[in-house]
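One structure is given here, and the rest of the page talks about it.
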Amino acid sequence: MSENEEQLSDRQSFEQEQNELTKRRLAELDELKKQNVNPYPYGFDVNAYSADILESFRDDAPPSEVSVAGRIVSLRRMGKASFCHIRDSKGKIQIYLKRDDIGSIYDQFKLMDIGDIVGVNGVVFRTKTGEISIHAKSLELLSKSVRPLPVVKEKVDEQGNKVVFDPFSDKEMRYRQRYVDLVVNHEVREVFVKRARVVSSIRKFLDERGYLEVETPVLQPIYGGAAARPFVTHHNALDFDFYLRISDELYLKRLIVGGFEGVYEVGKDFRNEGMDKSHNPEFTMLELYVAYKDYNWMMDLVENMIRSVSLSVAGSAKVKVGENTIDFTPPWRRVTMLDSIKEVTGEDLNGKSEADLAAAAKRLHVEVEPSMGAGKIIDAIFSELVEPTLIQPTFITDYPVEMSPLAKRHRSKPGLVERFELMCNGHELANAFSELNDPIDQRSRFEEQARLKARGDEEAMVVDEDFLRALEYGMPPTAGLGIGIDRLTMVLTDRESIRDVMFFPQMKPEK
RNA sequence: GGGGCUGUAGCUCAGUGGUAGAGCAUCUGCCUUUUAAGCAGAGGGUCGCAGGUUCGAUCCCUGCCAGCCUCACCA
């Protein structure tokens, strides 16, 4: 079937899909056109918003006239007078329409429905039952809705709690048709407003310190900077397969080599792996690299930055997340990975051989594979036993070198690197290190990764010769940081699924 | 990938091996300050898809599709 034929067939199926409700609305649309009403006009002069009107209304003030626009979300018709609520970007407000006041417009209004977008001009007043409303002098259809919206009703009970009836709650539909979710479940909108504030407050914080926001390639000939499987795509003109980036790291460090002393990028990374409550195939990452600094300095910066983000987004350094209250007030606890394991399990793994580590894992009922090296065993014990216990923001420091091929060796602890992860609410929020800038060591670390890859580790890194060449020219000592913006937003908005902080989380295509 | 749960009207959900149900929404009538408006009446369904068992399947069985939870994997 050709593309055109498919489109044609889609249109036919849309027509077949029309049910009684849709047909009814299409008939109303025709009737409005017959009455010379343009159901899709070009604009409307708005001069007021629902929430502002409700806030500024005074019973003893002279009546004020306003023009508002929004979507009809509830409707109560009583013969020759009607009430409806319209929702605009700031909230909703009741409209009162009386036939004797608006004449033929009232007949047009009878052809409108929940879901239609209207502009209203009228006078603000308070009804008998006390609700601040707009007494319409005119009403104009701004967009006719031909597909019925879920109708959610709510009331406030005696205790002052909002009770919702028939909520639009089907998760699949809420994600696939986020536009409906946003219209009907208005509180969803708040999450995304906060998300935008997370990003803008990070930008403000970093810009104020003089770091330069940059953009680096999403399509990369070699992927790197993280342990993950990539997506592959094809460039036709070059006849070459590119990878969608799994991280920005190696490009940003090239810019440090080039002489920028502080660069950051906020962008999408793509990882071709499983999906769950904290993983989406594409996600947003902040990466920051600052020359002449190390990971200790970076911990200070992260504390200050996230405190400042929390203040901007939540209005406080303390945030309620599920059952817990998380306090981002610095300083945060800093503990080495091995010490944290010792605290939780009583096992001192410092300097232990691989066999000793495997035995310790067995004692702790942590499953390990024979193929796992020392670093992976330690990581497995940490992930399973320690990570879930870390609710308050905590820096876990000094990781085994074999887990961190891009991090600089620890200045005093053999076998470890200068790396930290920020743990919070039982999850990792950030990852950072003193960046490895020794080109000889970097080459041998890549070669070790290549050996792992040859052994079947699909997530091992590949050797990036151009990146090595850049390091050979010389990179200053540098501190690097990555923060998962989605996960940070989850904490700051108290959402337990990454899907709830993304407008359009990945879904299998509808059939 | 394993396990569990789910899919019935526009929305939220009951339900049964024998013509498919409710509330809200919709439609008709009445109603000029209602608010989960109300009163009276009416219409609306490929019971996710495809097979199988059966005289008969929305229900039982198998496969598939999609979603959620969970484990594994994974930053």
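Every chain is numbered from 1, with letters handed out A, B, ... down the list of sequences.
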Considering only heavy atoms and no angle criterion, is a donor-acceptor pair shorter than 3.5 Å present between the side chain of A:Q94 and the base of B:U34?
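A donor-acceptor contact between them is present.
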
Is there a donor N/O on one and an acceptor N/O on the other, under 3.5 Å, for the side chain of A:T127 and the base of B:U34?
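Yes, a donor-acceptor pair under 3.5 Å.
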
Let's see if you can work this out: which of [options] has an atom nearest to the side-chain heavy atoms of [X]?
X: A:F168; options: B:U12, B:C68, B:U34; answer: B:U12
X: A:E273; options: B:C74, B:C69, B:U26; answer: B:C74
X: A:L21; options: B:U26, B:U33, B:C68; answer: B:U26
X: A:K508; options: B:G43, B:U33, B:G67; answer: B:G67
X: A:D166; options: B:C24, B:U34, B:C31; answer: B:C24
X: A:M507; options: B:C68, B:C73, B:C11; answer: B:C68
X: A:D113; options: B:U33, B:C27, B:C24; answer: B:C27

Determine, step by step, whether A:F192 and A:F503 satisfy the ring-ring contact (aromatic ring centres under 6.0 Å, His included) criterion, reporting the C-alpha distance in whole Å, the side-chain angles of both residues, the deciding distance to 0.1 Å, and the verdict.
CA-CA 8 Å; A:F192 292 96; A:F503 276 128; 3.9 Å; yes

Decide if the gap between the ring center of A:Y295 and the ring center of A:F433 is smaller than 6.0 angstrom.
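No, the ring of A:Y295 stays outside the 6.0 Å limit from the ring of A:F433, centre to centre.
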
Please report the distance, rounded to the nearest Å, between OH in A:Y106 and C1' in B:U32.
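Value for this atom pair: 8 Å.
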
What is the distance from CD1 of A:I95 to C1' of B:U34, rounded to the nearest Å?
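Between C1' of B:U34 and CD1 of A:I95: 14 Å.
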
Whether the side chain of A:R178 engages the backbone of A:M502 through a donor-acceptor N/O pair (distance < 3.5 Å, no angle test) should be reported.
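Looks like yes, one N/O pair under 3.5 Å.
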
